[in-house]
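Inspection log for the structure reproduced underneath, given as structure tokens.
Below, read A as the first sequence line, B as the second, and so on, with proteins coming before strands; counting in each chain starts at 1.
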Amino acid sequence: MNIMVNGKDVEIASHELKTIVETLGYQCHKVVIAVNQEFVAKEKWDDFRVSAGDTLDVLSPVEGG
Amino acid sequence: MADTWDVYGVTLSSRLFLGTARYPSPAIMEEAIRCSGAQVVTTSLRRQSPEVKGGRSIWERISKLGCNVLPNTAGCRSSKEVVLLAQMSREIFETDWIKLEVTGDEYNLQPDPYELIEATEKLLENGFKVFAYTTDDLVVCQRLHGLGCEVIMPWGSPIGSGKGLINRYALETLRDRMPKATLLVDAGIGLPSHAALAMELGFDGVLVNTAVATADDPVAMSTAMSHAVKAGRLAYLAGPMAPSDTAHASTPVLDQPFWRQTEPRVKESKTR
């Protein structure tokens, strides 16, 4: 299925958010995720299922003013 | 003299909050923060590419400084975006503190007062400790405080402008009319003298970023800002003299040598 990750179209096999995070290479990063502009806490990644056409925002800490 | 203050239950001794953006290098940022003595630093969240190892490294550098982290919602344009970003910030930074920024105008990055009020209500309902960045509008600040927002941060001038406190009257009015609110001047401070003035006016603290980060020597400038904040605070506590329109000799006039009574000067009138 295809989903949008940080504004880019990505083809992915799994529907499980935790697996998607690992497949995309984020497992070593300190990130937080929103799916379709709704926050998904890390403790819910195991059970959260992503559907075709969903939009993921994967964010990490940056410097800020 | 101990001059600690409480911010949402956290006791601080420094009244300078420092931003972490726009420094020439992460190492200089670290050193500038250390030399400033700041105990609160601001951060943000942005999209992360898996190929870039940025997030973890910058977070490790900031977290090892031992400062309180104040994540911002910079770039948000609606209360919905604010709440989403705040929820994500709370998880990753492990803090309920949130520096609420919601932009209403792209040209001067002026906060949107309507979205600001709505966002504050939602954030407080969700248990956040809100630091609201706003204009110097008295009514907006009063409304924010009335909602339960304890820390209000009016701008001195637009973000990154370095123009200082362009509406001193408005800021003095805020301090005078809101004695119980914790007020920090955020944005627009370009020089240590601007920071000192804010503190002399009775503000509880200042937040500075661009003035330090873009100085030729950020470490020296952060040190200067630290001294200025302390000097301004001390001057406020000392109780400044009242200005006068006329001169008052500071040296005693009694027993002035060579003194003699003179006739009072009379202005010569013009003859026609």
Item to complete: Not counting sequence neighbours, list each pair that qualifies as a salt bridge (Lys or Arg N to Asp or Glu O under 4.0 Å) and has a residue in residues 43-54 of chain A.
Response: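 Every salt bridge (Lys or Arg N to Asp or Glu O under 4.0 Å) pair that includes a residue of residues 43-54 of chain A, provided the two are not neighbours, is A:K18-A:D46.
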Worksheet item: Between B:L84, B:L85, B:I159, which shows the greatest number of heavy-atom pairs under 4.5 Å with chain A?
Response: B:L84
Worksheet entry | Single hit among B:V41, B:T42, B:T20, B:N209 for side-chain contact (heavy atoms from CB on, under 4.5 Å) with A:E63 | B:T20
Discussion item. Minimum heavy-atom separation for A:G65 and B:A21, please, with both atom names.
Written reply: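 Looks like N-CB, 4.2 Å.
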Discussion item. Please classify the contact of B:Y23 with chain A as side chain, backbone, both or neither, using a heavy-atom distance under 4.5 Å.
Written reply: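 B:Y23 has no heavy atom closer than 4.5 Å to chain A.
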Worksheet item: So which part of B:E81 gets closer than 4.5 Å to some heavy atom of chain A, the side chain, the backbone, both or neither?
Response: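 Neither part, no heavy atoms under 4.5 Å.
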Practice prompt. Please round to the nearest 0.5 Å and tell me the distance separating atom CD1 of B:I58 and atom NZ of A:K30.
Written response: 13.5 Å
Discussion item. I'd like to know if the side chain of B:E91 and the backbone of A:K42 have a donor-acceptor N/O pair within less than 3.5 Å.
Written reply: yes
Worksheet item: Is the backbone of A:G64 close enough, under 3.5 Å, to the side chain of B:T43 for a donor and an acceptor to pair up by distance?
Response: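 Checked: no pair found.
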Fill in: B:D216, CG: over 12 other non-hydrogen atoms inside 6.0 angstrom
no
Worksheet item: Tell me, do A:P61 and B:I92 make a side-chain contact under 4.5 Å, heavy atoms counted?
Response: yes
Discussion item. Within the structure provided, determine whether B:R47 and A:D57 are in side-chain contact (heavy-atom separation under 4.5 Å).
Written reply: yes
Worksheet item: What residues, two or more places apart in sequence or in another chain, satisfy side-chain hydrogen bond (donor to acceptor under 3.5 Å, both in side chains) together with B:K122?
Response: B:S79, B:E118
